[in-house]
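Here's the structure we're looking at; comments come further down.
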Protein chains: 2
Amino acid sequence: MTLSEEDYIKAIYHLGKGENLTVSTNAVAEQMDTKPSSVTDMVKKLSDKGVVNYKPYKGVSLTGYGQKIALSLVRKHRLWEVFLVEKLDFSWDEVHEVAEQLEHIKSEKLIDQLDKHLGYPQVDPHGDPIPSKKGEFKKTIKKSLNEVPMGTSGICVGVKDSSPPFLKFLDKNKIALGDTILVLEKEEFDGSLYIRIKESKIHISNQIASNLYLKITA
Amino acid sequence: MTLSEEDYIKAIYHLGKGENLTVSTNAVAEQMDTKPSSVTDMVKKLSDKGVVNYKPYKGVSLTGYGQKIALSLVRKHRLWEVFLVEKLDFSWDEVHEVAEQLEHIKSEKLIDQLDKHLGYPQVDPHGDPIPSKKGEFKKTIKKSLNEVPMGTSGICVGVKDSSPPFLKFLDKNKIALGDTILVLEKEEFDGSLYIRIKESKIHISNQIASNLYLKITA
DNA sequence: ACTAATATTTAGTTTTGTCTAAATATTAGT
DNA sequence: ACTAATATTTAGACAAAACTAAATATTAGT
């Protein structure tokens, strides 16, 4: 697969939400920041190669073979993201662009060894699952902190309210996107929560909790 | 710079032995496993970009700007080689192909952090020096073990005699290409040497020593 | 069901990097 | 210095991946 072909495969995979939905030429064009006519050309080529199913005017979906390739790319991308954050001190939001390049490196041994070096991580810094070598992975969902059962652990991936006071609160309490949060206990009286974040235990109000989103394995 | 342009720059750099010699079109073609006419085309383009000096029929050399690019590529290549060997347990001879791909990844932060993560190594697994961010590096030379001064440390990079009995000896004594060797002391009587290799101290005859090459900083 | 709006494809061009074959320049041998 | 061998460049073509503009198909609104 060429670099460009791999990019198309990934775009089709992501637009298909991992469920292999049929996606439109235009959607792919928008996702890839290119023109629909370019997509038609490439999609024909990928169809000839047995990577996608394509009927003119009827959209495109990945074949089984195409899905394998897509999962392998997602695996590589997410493993590299873990590497960048864990080993090279990149922050949550700096990794994507570099991982986008690294995912195209071709070497099976490289990825096997990287996986091992990182301790076989299950999720990337955004809380998204890392497919196994065979392409298996757990689905994850996004929930606000106050709607998950006690004992749930997940990765902080977003806020509902992004007003300056709220962001200031997060900063003061050293809560950042990408942090792993463990929900310990709920105070019955006011619905406030005790949570563990980066080795320290803190107490947050129900209102704060409802504004924080966690990504957890479904 | 495109991937292909970078490959040409590296080829011209290596053929120029790092001393910026003028190299022939044919030499570049052979090095890159391509045709001389393709080289002519590319070299014209690189000349327009200010990367090389080119006079038709007179060969090509890197400009100052071109040398900077070449050194940055060499730096990236060698840092990745160290990473592959030290962190991912690749062996000495498996790293080149993968590093060849990794060296094209574009991210200054990536390389800065990788350098830091590896502890600012001075040489790669083949004993070749790693240019600093500014492009400075120490020259290295290859010498047989019995012609270096006591206290010299270097990387084992080759053998003169590659007969099966000699290779068997190396294997038995756990001496492998890529190992760091420190020459401790010479026995005056027979010229045999005491050397340190991977935490263990061993004693080798002068004949063995003369068959082993070390890469040391000049 | 018909038309207008939208989506998609086709046809023809461009750019990058390569190739082959032919032309031209350089070098070496006498 | 001349010719033969070799090296290099030029010209023209091709494949990949993109684009623009025009043509065609689909869909939605009435």
Side-chain angles (χ1 to χ4, degrees), chain A residues 1-17 21-63 66 69-70 73 100-101 103-106, chain B residues 1-17 21-63 66 69-70 73 100-101 103-106:
Chain A
M1 292 297 137
T2 67
L3 215 133
S4 188
E5 287 170 342
E6 289 188 347
D7 284 338
Y8 275 95
I9 293 168
K10 251 192 46 168
I12 295 165
Y13 176 82
H14 282 126
L15 289 167
K17 313 236 189 232
L21 307 173
T22 294
V23 300
S24 76
T25 306
N26 263 24
V28 176
E30 183 158 341
Q31 168 87 8
M32 305 224 7
D33 200 25
T34 184
K35 303 292 171 189
S37 54
S38 307
V39 177
T40 302
D41 286 348
M42 180 56 91
V43 144
K44 278 182 192 164
K45 187 167 44 146
L46 291 176
S47 178
D48 289 346
K49 287 197 175 190
V51 173
V52 302
N53 304 117
Y54 169 63
K55 292 271 178 221
Y57 297 102
K58 296 299 176 192
V60 61
S61 65
L62 295 173
T63 62
I69 297 170
L73 288 167
E100 203 72 8
Q101 296 179 62
E103 73 190 3
H104 296 293
I105 304 291
K106 282 161 184 58
Chain B
M1 293 297 138
T2 68
L3 215 134
S4 188
E5 287 170 345
E6 289 187 347
D7 284 339
Y8 275 95
I9 292 168
K10 252 194 46 168
I12 294 165
Y13 176 82
H14 282 126
L15 289 167
K17 314 238 191 228
L21 307 174
T22 293
V23 300
S24 77
T25 306
N26 262 24
V28 176
E30 182 158 342
Q31 168 88 5
M32 307 228 0
D33 200 26
T34 184
K35 303 291 169 188
S37 55
S38 307
V39 177
T40 302
D41 287 347
M42 180 57 89
V43 143
K44 278 183 191 163
K45 184 163 52 141
L46 291 175
S47 178
D48 288 346
K49 287 198 176 188
V51 174
V52 302
N53 305 115
Y54 170 63
K55 292 272 179 219
Y57 298 102
K58 297 299 174 192
V60 62
S61 64
L62 295 173
T63 62
I69 297 170
L73 288 167
E100 203 73 8
Q101 297 179 61
E103 74 191 1
H104 295 293
I105 304 291
K106 280 160 185 58

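So that the names make sense, note that chain A is the first sequence line, chain B the second, and so on, each numbered from 1.
Taking side-chain N and O atoms only, Tyr8(A) has no distance below 4.0 Å to OP1 or OP2 of dA16(D). Residue Ser4(A) places no side-chain N or O under 4.0 Å from the OP1 or OP2 atom of dA16(D). When the side-chain nitrogen and oxygen atoms of Tyr54(B) are compared with OP1 and OP2 of dT9(D), one or more of them lie within a distance under 4.0 Å.
Qualifying side-chain hydrogen bond (donor to acceptor under 3.5 Å, both in side chains) partners for Lys106(A), counting only residues two or more places apart in sequence or in other chains: Glu6(A). Every residue two or more places apart in sequence or in another chain that forms a side-chain hydrogen bond (donor to acceptor under 3.5 Å, both in side chains) with Glu103(A) is listed here: Lys10(A), His77(A).
As rounded to whole Å, 17 Å separates atom P of dT16(C) from atom CG of Leu3(A). We find that CE of Met1(A) is positioned 13 Å from P of dA16(D), with the value rounded to whole Å. Going from atom NZ of Lys49(B) over to atom C1' of dT16(C) covers 10 Å, rounded to whole Å. Note: NZ (Lys44(B)) to P (dT8(D)) measures 14 Å, nearest angstrom.
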Please produce a list of atom pairs where a protein N or O lies less than 3.5 Å from an N or O of nucleotides 25-27 of chain C.
unit_1, atom_1, unit_2, atom_2, d
dA25(C), O4', Tyr57(B), OH, 3.4

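Residues Thr34(A) and Val39(A) are in side-chain contact: their nearest non-hydrogen atoms beyond the backbone lie under 4.5 Å apart.
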Checklist entry - Please, what dot-bracket string fits DNA chain D when only Watson-Crick and G-U pairs with both distances under 3.5 Å count, crossing ones use [ ] and pairs to another strand use |? => result ||||||||||||||||||||||||||||||
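Contact detail for Met42(A) and Tyr8(A): the closest heavy-atom pair is CG-CD1, 3.3 Å.
Rounding to the nearest 0.5 Å places CD1 of Ile105(A) at 4.0 Å from CD1 of Ile105(B). Interatomic distance, Lys58(A) NZ to Thr22(A) OG1, rounded to the nearest 0.5 Å: 11.0 Å. Note that the OG1 atom of Thr63(B) and the CD1 atom of Ile9(B) stand 8.5 Å from one another [nearest 0.5 Å]. Interatomic distance, NE2 of His14(B) versus CD of Gln31(B), reported as 8.0 Å (0.5 Å rounding).
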Would you be so kind as to tabulate the donor-acceptor pairs closer than 3.5 Å made by side chains of residues 47-56 of chain A, with sequence neighbours excluded?
unit_1, atom_1, unit_2, atom_2, d
Lys49(A), NZ, Glu5(A), OE1, 3.2
Lys49(A), NZ, Glu5(A), OE2, 2.9
Asn53(A), OD1, Ser61(A), OG, 3.4

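Contacts between residues 29-41 of chain A and DNA chain D, defined by a heavy-atom separation below 4.0 Å, involve Thr34(A), Lys35(A), Ser37(A), Ser38(A), Asp41(A), listed by number.
The salt bridge (charged side-chain N to carboxylate O under 4.0 Å, His left out) analysis of residues 26-43 of chain B, with sequence neighbours excluded, yields no pairs.
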Checklist entry - Where do His104(A) and Asp7(A) land on the side-chain contact (heavy atoms from CB on, under 4.5 Å) test, with the steps shown first? => result CA-CA 9 Å; His104(A) 296 293; Asp7(A) 284 338; 3.0 Å; yes
